[in-house]
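Report on the structure given below.
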Amino acid sequence: MQGQRVGSARVSTRSVRRAQLQVVASSRKQLGRWRAIDADVDQSDDQQDITRGREMVDDLFQGGFGAGGTHNAVLSSTEYLSQARASFNNIEDGFYISPAFLDKMTVHIAKNFMDLPKIKVPLILGIWGGKGQGKTFQCALAYKKLGISPIVMSAGELESGNAGEPAKLIRTRYREASDTIKKGRMCSLFINDLDAGAGRMGDTTQYTVNNQMVNATLMNIADNPTNVQLPGVYKNEEIPRVPIVCTGNDFSTLYAPLIRDGRMEKYYWNPTREDRIGVCMGIFQEDNVNRGDVEKLVDTFPGQSIDFFGALRARVYDDMVRKWITDVGVEAIGGKLVNNRNKVSFPKASMTLDVLLKYGRALVDEQENVKRVQLADAYLSGAELAGVSGSSLPEEYSRR
């Protein structure tokens with residue numbers, strides 16, 4: 001009995017040693033020259049790092065001559081960078097986001113990523129409103145807060161000299177955003193000024209094939225958001241759904257079936273007094289303008305758009321620039337501004353309420369001139385002059 005126990009102990013010891021040797025041998029195998037490209041280790045891009053296999057196999061299998069071999073990268077690094085992806089890292093903190101605006105965008109994007117039972121969620125959110133009200137910038141702030149880098153399209157990309165190109169581009173950008181979601185990051189397709197590229201601005205606007213196809217493509221994507229194929233590809237492949245956000249000034253110019261409630265959720269952005277004050281506080285945050293002065297400024301110009309106050313801030317520096325030109329000389333400003341290591345800089349301008357009101361009234365006067373002196377109508381109706389009374393003398397001169 002004792003001899004059997006000793007023999008069984010030896011057998012068990014040998015089996016343990018044999019198992020340990022197998023583990024060591026298998027680990028040694030994994031430490032070879034190909035270990036770096038094993039699936040659980042390699043996190044690089046195959047196309048980018050394809051040159052790592054150079055000279056590891058026979059030239060017969062690698063095409064060792066010229067640039068056509070399989071050990072050469074097919075594409076360069078710049079071709080892998082998305083030309084349409086927007087990053088808002090350059091936007092500093094401290095800017096005002098309208099709670100209602102942020103709520104609308106957040107709810108729309110969240111609903112499109114949820115699987116709600118027997119609920120048809122509109123794919124497109126159309127944000128429309130007056131010119132210069134900060135729709136695009138509010139979208140940028142909301143995207144930054146949500147941590148989303150959207151794929152961006154502009155109205156100029158919705159028309160082309162080639163028929164069908166804009167529709168193909170929309171599908172390509174949509175699938176690019178879908179691939180980002182497939183990799184585990186939230187994404188969205190953001191179309192700027194949709195009505196300017198796909199809408200009809202009166203009877204004189206030419207309605208092209210591309211306008212038709214852009215409207216039809218957006219309608220098709222809204223109806224089938226998980227089955228978006230490129231032209232000529234007929235593979236039934238399900239892709240992640242991508243919420244679409246678009247801005248515009250007048251969505252009544254768009255094709256009516258596109259903006260129906262099942263496809264597009266519409267949001268009219270008309271900033272309240274509190275929204276306007278909050279945005280202006282962000283505009284003047286570097287100039288130490290207190291909230292009381294900002295409120296008086298907003299109340300003095302109630303009918304102006306938000307970008308009016310940005311233009312007003314830039315106008316304050318006119319006197320400083322004019323003085324600099326006088327000191328340097330008109331003939332010498334080219335050498336000072338172009339290819340000069342010493343950049344021109346100014347101290348902060350005095351942003352008092354009186355100064356802001358003065359320049360604000362000057363901007364309003366220019367706007368009134370544009371409305372009152374409509375030279376195009378005057379030219380078409382004959383040899384009329386621009387003055388109110390038809391005088392050839394400037395009005396300010398005639399008052400003296």
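Please read these numbers as outputs of a predicted model, since none were measured by experiment.
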Measuring from atom [atom1] of [X] to atom [atom2] of [Y], what distance do you get when rounded to the nearest 0.5 angstrom?
X      : Y      : atom1 : atom2 : result
His108 : Ile124 : NE2   : CD1   : 8.0 Å
Asn290 : Glu295 : CG    : CD    : 9.0 Å
Leu158 : Glu165 : CG    : CD    : 13.0 Å
Leu194 : Ser154 : CG    : OG    : 11.5 Å
Leu363 : Asp365 : CG    : CG    : 9.0 Å
Cys187 : Tyr174 : SG    : OH    : 11.0 Å

Worksheet item: Taking everything shown except Asp115 itself, do over 12 heavy atoms lie less than 6.0 Å from its CG?
Response: no

Fill in: More than 12 heavy atoms from other groups under 6.0 Å of OH on Tyr255
no

Worksheet item: Taking it one step at a time, do Asn192 and Thr136 satisfy side-chain hydrogen bond (donor to acceptor under 3.5 Å, both in side chains)?
Response: CA-CA 7 Å; Asn192 263 317; Thr136 301; 3.1 Å; yes

Taking the side chain as everything from C-beta on, heavy atoms only, tell me whether [X] gets closer than 4.5 Å to [Y].
X      : Y      : result
Val289 : Leu353 : no
Ser149 : Arg185 : no
Asp307 : Phe137 : no
Met153 : Ile151 : no
Pro243 : Leu125 : no
Lys111 : Val107 : yes
Asp287 : Val316 : no
Thr247 : Cys139 : yes

Specify the closest pair of heavy atoms between [X] and [Y], including all atoms of both residues, with the distance to one decimal.
X      : Y      : value
Pro271 : Gln133 : CG-OE1, 3.5 Å
Lys348 : Tyr317 : CA-OH, 3.9 Å
Tyr96  : Leu141 : O-CD1, 3.5 Å

Worksheet entry | Given Ile244, Ile221, Val228, the one that forms side chain to side chain contact (heavy atoms under 4.5 Å, CB included) with Ile170 | Ile221

Less than 4.0 angstrom from a charged side-chain N to a carboxylate O is my criterion; do [X] and [Y] meet it?
X      : Y      : value
Arg313 : Glu286 : no
Arg273 : Asp299 : yes
Glu274 : Arg291 : yes
Lys323 : Asp327 : yes

Practice prompt. With side-chain hydrogen bond (donor to acceptor under 3.5 Å, both in side chains) as the test, would you mind laying out the steps for Ser98 and Gln138 before giving the verdict?
Written response: CA-CA 8 Å; Ser98 170; Gln138 287 288 306; 5.1 Å; no

Item to complete: Answer with yes or no after comparing the ring centroid distance for Trp128 and Tyr268 against a 6.0 Å cut-off, counting only values under it.
Response: yes

Discussion item. Before we go on, tell me: are the rings of Tyr143 and Phe190 under 6.0 Å apart, centre to centre?
Written reply: yes

Practice prompt. List, by chain and then residue number, the residues other than Ile119 in its hydrophobic cluster (Ile/Leu/Val/Met/Phe/Trp/Tyr, side-chain heavy atoms under 4.5 Å); write none if there are no others.
Written response: Met114, Leu116, Val121

Fill in: Connected hydrophobic set around Met213, excluding itself, where side chains approach under 4.5 Å
Val209

Hydrophobic cluster membership, [X] vs [Y], 4.5 Å side-chain cutoff:
X      : Y      : answer
Ile148 : Leu102 : yes
Phe101 : Met264 : yes
Val364 : Ile306 : yes
Ile277 : Leu357 : yes
Ile109 : Ile191 : yes

Worksheet item: In terms of ring plane angle, is the pair Phe308 and Phe301 parallel, tilted or perpendicular, where the classes change at 30° and 60°?
Response: tilted

Fill in: Test log, rule side-chain hydrogen bond (donor to acceptor under 3.5 Å, both in side chains), inputs Thr217 and Asn220
CA-CA 5 Å; Thr217 299; Asn220 179 256; over 6 Å; no

Practice prompt. Keeping the roles fixed (side chain from Arg276, backbone from Pro302), state whether a donor-acceptor pair exists under 3.5 Å.
Written response: yes

Discussion item. Run the salt bridge (Lys or Arg N to Asp or Glu O under 4.0 Å) test on Glu366 and Arg315 for me, step by step, so that the C-alpha distance in whole Å, both residues' side-chain angles and the decisive distance to 0.1 Å come before the verdict.
Written reply: CA-CA 13 Å; Glu366 292 296 336; Arg315 191 72 176 266; 5.2 Å; no

Practice prompt. For the pair Asp354 and Thr352, evaluate side-chain hydrogen bond (donor to acceptor under 3.5 Å, both in side chains) and give the outcome as yes or no after the intermediate values.
Written response: CA-CA 5 Å; Asp354 293 336; Thr352 63; 5.4 Å; no

